[in-house]
Structure formats: structure tokens, C-alpha cells
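As C-alpha cells, the structure follows; a few thoughts come after it.
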2 protein chains.
Amino acid sequence: MKIEDEIKQAAFRDDHQKAHVNLIFTANWLQQQQSAFFKPFGLTLPQFNTLRILRGQHPRPATVNLLIERMLDKTSNASRIVDKLEAKQLVTRCVCPSNRRAVDIRISPDGLELLGRLDVAMANEHLGVQNLTSAEAAQLSNLLDKIRD
Amino acid sequence: MKIEDEIKQAAFRDDHQKAHVNLIFTANWLQQQQSAFFKPFGLTLPQFNTLRILRGQHPRPATVNLLIERMLDKTSNASRIVDKLEAKQLVTRCVCPSNRRAVDIRISPDGLELLGRLDVAMANEHLGVQNLTSAEAAQLSNLLDKIRD
DNA sequence: GATTATTAAATGTATGTACATATATTTGCA
DNA sequence: TGCAAATATATGTACATACATTTAATAATC
């Protein structure tokens with residue numbers, strides 16, 4: 001559906017404004033698709049992304065700082081997202097022995113098992129930008145990089 | 001800066017995953033730019049977008065339903081955003097005479113004045129996707145529409 | 001006309017975002 | 001050594017998001 005119809009707006013001032021609105025709208029749309037997918041597994045999107053970073057580090061620990069560095073949203077509160085994951089016993093948290101200010105966070109066996117199930121489920125889904133060809137996806141990335149220059 | 005460096009990830013699985021991550025990241029980036037811009041004016045981004053819809057309707061009223069229809073994020077809570085705007089006396093809210101379930105919401109003179117100041121300030125800023133040419137912006141919109149097909 | 005269904009908005013709860021501040025630990029330097 | 005600065009994380013508050021439930025008014029059906 002064209003962006004004009006999605007938000008019931010007849011026209012945009014120019015191509016720039018239209019692309020801007022479309023970018024925000026489409027990113028929200030994608031995030032909602034993903035959230036709905038993760039919901040039956042008891043995970044929110046930021047929780048999933050955090051777990052995935054921890055699996056990437058496994059069996060090495062991650063610190064809160066490392067999570068923030070790799071998260072898409074730098075200003076979100078990694079501490080509290082880890083709180084939620086810890087409450088579900090998907091991660092462990094303990095004071096780093098070599099630097100007692102820092103906290104070593106590791107994905108637990110339960111967490112690895114959950115991500116494993118998600119891998120299977122995601123392979124059977126068409127989440128994300130699957131409607132684009134590889135060339136179009138690459139073109140999109142280039143345009144987005146240019147926006148942030 | 002390339003997306004790989006922004007989130008400190010060496011490589012992506014494929015062009016699709018890279019475009020997906022880039023899309024979410026860039027939309028967040030744009031929203032943060034805008035939020036920072038609106039902050040000195042005492043507005044959040046959803047509050048600004050709501051006010052702008054109301055100005056589009058002015059002098060006709062809008063209902064909460066109309067706001068939801070036109071908002072980029074359909075699931076956000078228009079009622080409570082209007083609460084905040086009403087507390088700042090930027091909008092008025094009164095029961096619709098012809099349908100007492102509905103509420104007529106109108107932008108106030110203060111609200112119009114604030115948006116006027118924002119128009120001036122925004123004209124002097126480069127918010128949004130200004131780094132693209134018109135052709136690139138149009139191309140971006142087409143790619144985004146295709147994602148949501 | 002009374003009862004049920006639908007609609008419009010508000011409210012409740014859990015989570016996340018944004019940003020400021022607090023607490024504890026470590027580092028650097030006078 | 002002692003004390004200030006820097007670092008790592010946690011906490012507090014306001015706002016927004018996501019989604020379920022509630023309340024009130026209107027429409028539809030019997």
C-alpha cells in the first residue's frame with residue numbers, strides 16, 4: 001500500500017518529506033511485525049536483540065557497556081532490559097572479578113534453547129525486507145547510509 | 001558512517017539483513033535528531049505530530065479516531081498524548097455535540113503560535129533526509145513501499 | 001421499548017525510551 | 001598516601017508504546 005493511503009494523507013510537500021515519513025512509518029511497521037512474532041515466545045524486541053548479542057559473545061561474558069555499543073538504540077536502558085531477561089532466567093549476571101565496577105552478563109542454557117527455537121521459527125517466516133531483491137536491499141542500505149552522512 | 005561501524009558489527013549475513021538493520025537504525029537516528037530539535041520548545045515528537053494534524057484540520061475539530069488514523073504509529077495512545085497537549089493549553093477538548101461518545105479536539109491559539117515558531121526554526125535547520133537528491137528520495141520511497149507490500 | 005451489539009474514548013499495567021542523577025570502584029596525580 | 005577525576009552500572013522520573021479492559025453513548029435487533 002502506498003504511504004499516502006497508509007496514513008490517509010493526500011499528498012506530501014516534496015519527495016524529501018515523503019521519503020522521511022515513509023522511512024519512519026516503514027521502520028515502525030517492521031518493528032511491529034517483529035514484536036508480534038516474538039510475543040508468543042515471551043520476548044520483546046529489545047530483549048531478543050540483547051539475547052542475540054549475548055549469544056554472539058558466548059561463552060565469553062558481555063558487560064552492559066558492550067551491550068549498549070552494539071544495540072541499535074544507544075540510549076535505551078540496557079540495565080533494565082537485562083533485569084527482565086534475568087527474571088526469566090535467560091541470562092546470568094555477576095560482578096566481574098577483574099573489575100568490580102563491571103558486571104559480567106552471560107546467556108544461560110535456557111536462553112540458548114529459546115534462541116534455538118526462534119531460529120527454527122524465523123526460518124519459516126518472512127520477516128523483514130524479504131520483498132526486495134538483493135540488489136534493491138543493497139541500494140536501500142546505500143541510501144540510508146547517505147541520509148546519516 | 002557505514003552501518004557496520006555504527007553498531008560495531010563486522011558483517012551482516014546478507015544484503016537483506018543489512019538493509020533491515022540499517023532501516024531500523026536510521027529511523028531511530030532520524031527520530032532522535034527530531035526529538036532533540038523539539039525539546040527546547042517543550043514538545044515531544046508525537047506531541048508535535050499530533051499538533052500538526054490538528055492544524056491541518058483547523059478550524060474544524062478532530063476526534064481521537066481521526067488522530068489515530070493519521071498518526072504514523074497506529075497503536076500509540078492518542079488519548080494520553082492529547083492529555084499532555086491539553087495540560088499545556090495547546091489544544092482544547094470538548095464533547096462532540098452531535099455524538100456524545102466522541103470528543104472534539106481543536107488546536108488553540110497558543111498551539112498555532114507555537115507551530116508558527118517551529119515553522120521558522122525548522123526552515124533554518126536541516127532535519128530529515130536532506131542529504132538525498134529528489135530522485136534518490138523518490139527511489140527510497142519506492143523501495144520502502146515495496147517492503148510493506 | 002428493552003436488550004444486545006457496536007462504537008468512541010479513557011484507563012490500567014507492563015515495558016521501553018530519554019535523560020539526569022546516584023553509588024561504587026578504579027585510576028591518576030599532587 | 002590521600003583525594004579528585006573517570007568509569008561502570010543502577011536508579012529515578014517523565015513520557016511513550018502495546019495491549020487488555022472499562023465506561024459511556026449510540027445503533028441494531030427482537
Side-chain angles (χ1 to χ4, degrees), chain A residues 24-25 27-51 61-69 71-88 90-91 93-105, chain B residues 24-25 27-51 61-88 90-105:
Chain A
I24 305 291
F25 181 83
N28 281 339
W29 181 89
L30 266 177
Q31 289 185 329
Q32 278 170 32
Q33 300 268 115
Q34 290 184 284
S35 289
F37 174 78
F38 291 125
K39 198 171 182 203
F41 296 90
L43 282 185
T44 64
L45 191 46
Q47 287 170 12
F48 168 74
N49 285 326
T50 303
L51 264 192
T63 61
V64 171
N65 256 347
L66 182 141
L67 293 177
I68 292 171
E69 253 187 2
M71 277 163 59
L72 294 191
D73 196 320
K74 308 293 187 195
T75 65
S76 83
N77 202 323
S79 235
R80 279 189 274 236
I81 292 171
V82 173
D83 283 349
K84 299 292 152 60
L85 293 172
E86 194 184 18
K88 293 177 219 175
L90 300 173
V91 308
R93 181 152 55 172
C94 66
V95 172
C96 172
S98 63
N99 178 353
R100 297 205 343 252
R101 286 172 300 187
V103 171
D104 280 347
I105 304 160
Chain B
I24 305 291
F25 181 83
N28 281 339
W29 182 88
L30 266 177
Q31 289 185 329
Q32 278 170 32
Q33 300 268 113
Q34 290 184 283
S35 288
F37 174 78
F38 291 125
K39 197 169 183 206
F41 296 89
L43 282 184
T44 65
L45 191 46
Q47 287 170 11
F48 169 74
N49 286 325
T50 302
L51 264 193
T63 61
V64 171
N65 257 346
L66 182 140
L67 292 178
I68 292 170
E69 255 188 359
R70 283 171 165 63
M71 277 164 59
L72 294 191
D73 196 321
K74 307 293 187 195
T75 67
S76 85
N77 202 322
S79 235
R80 279 190 274 236
I81 292 171
V82 173
D83 283 348
K84 299 291 152 58
L85 293 172
E86 194 185 20
K88 292 177 219 175
L90 300 173
V91 307
T92 62
R93 181 152 54 173
C94 65
V95 172
C96 173
S98 63
N99 178 352
R100 299 209 336 256
R101 287 172 298 188
V103 171
D104 281 346
I105 305 159

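Both backbone and side-chain heavy atoms feed into the values below; hydrogens, waters and symmetry mates do not. What you see is a predicted model, and the numbers here were worked out from it, not measured in a lab.
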Euclidean distance, atom [atom1] of residue [X] to atom [atom2] of [N] [Å, nearest integer]:
X	N	atom1	atom2	answer
A:E69	D:dA8	CD	P	10 Å
B:N49	D:dT17	CG	C1'	15 Å
B:Q31	C:dT17	CD	P	11 Å
B:W29	C:dA18	CH2	C1'	18 Å
A:L85	C:dG16	CG	C1'	13 Å
B:D83	D:dT17	CG	C1'	15 Å
B:L67	C:dA10	CG	C1'	14 Å
B:L66	C:dA9	CG	C1'	14 Å

Could you report the tightest heavy-atom contact between [X] and [Y], atom names first, then the distance?
X	Y	answer
B:V103	B:R93	CG1-CG, 2.9 Å
B:D104	B:T63	OD1-CG2, 4.5 Å
B:F41	B:F37	CD1-O, 3.6 Å
A:A78	A:L67	CB-CB, 4.4 Å
B:S76	B:I81	OG-CD1, 4.0 Å

Which part of the nucleic acid, if any, lies within contact of B:N65, taking any heavy atom under 4.0 Å across all strands shown: a base, the sugar-phosphate backbone alone, or nothing?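 Sugar-phosphate contact only.
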Reckon B:S35 touches a base, only the sugar-phosphate, or nothing at all at heavy-atom distances under 4.0 Å?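 Contact class for B:S35: none.
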Specify the residue among A:N77 and A:A102 whose closest nucleotide of DNA chain D lies further upstream toward the 5′ end.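 The residue closer to the strand's 5' end, by nearest nucleotide, is A:A102.
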Can you find a side chain N or O atom of [X] that sits less than 4.0 Å from OP1 or OP2 on [N]?
X	N	answer
B:Q47	D:dA16	yes
B:R80	D:dA18	no
B:S76	D:dA16	no
A:T44	C:dG16	yes
B:N99	C:dT7	no
B:R101	D:dT22	no

Of the candidate nucleotides C:dA10, D:dA18, C:dA8, which contains the atom at the shortest distance from the side chain of B:S79?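 It is C:dA10.
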Nearest to the A:K84 side chain among D:dA10, D:dA16, C:dT15, which nucleotide is it?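 Nearest to the side chain of A:K84 among the choices is C:dT15.
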For a quick check, tell me whether the side chain of A:R100 and the base of C:dT25 share a donor-acceptor pair closer than 3.5 Å.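 A donor-acceptor contact between them is absent.
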When the nearest nucleotide of DNA chain C is assigned to B:A78 and to A:L45 on a heavy-atom basis, which residue is associated with the more 5' position?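 Result of the comparison: B:A78.
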5'-most contact on DNA chain C: B:V82 or B:A36, nearest heavy atom basis?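 The answer here is B:V82.
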Any donor-acceptor N/O pair, B:K88 side chain to B:G42 backbone, under 3.5 Å: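 Yes, B:K88 side chain to B:G42 backbone: donor-acceptor pair under 3.5 Å.
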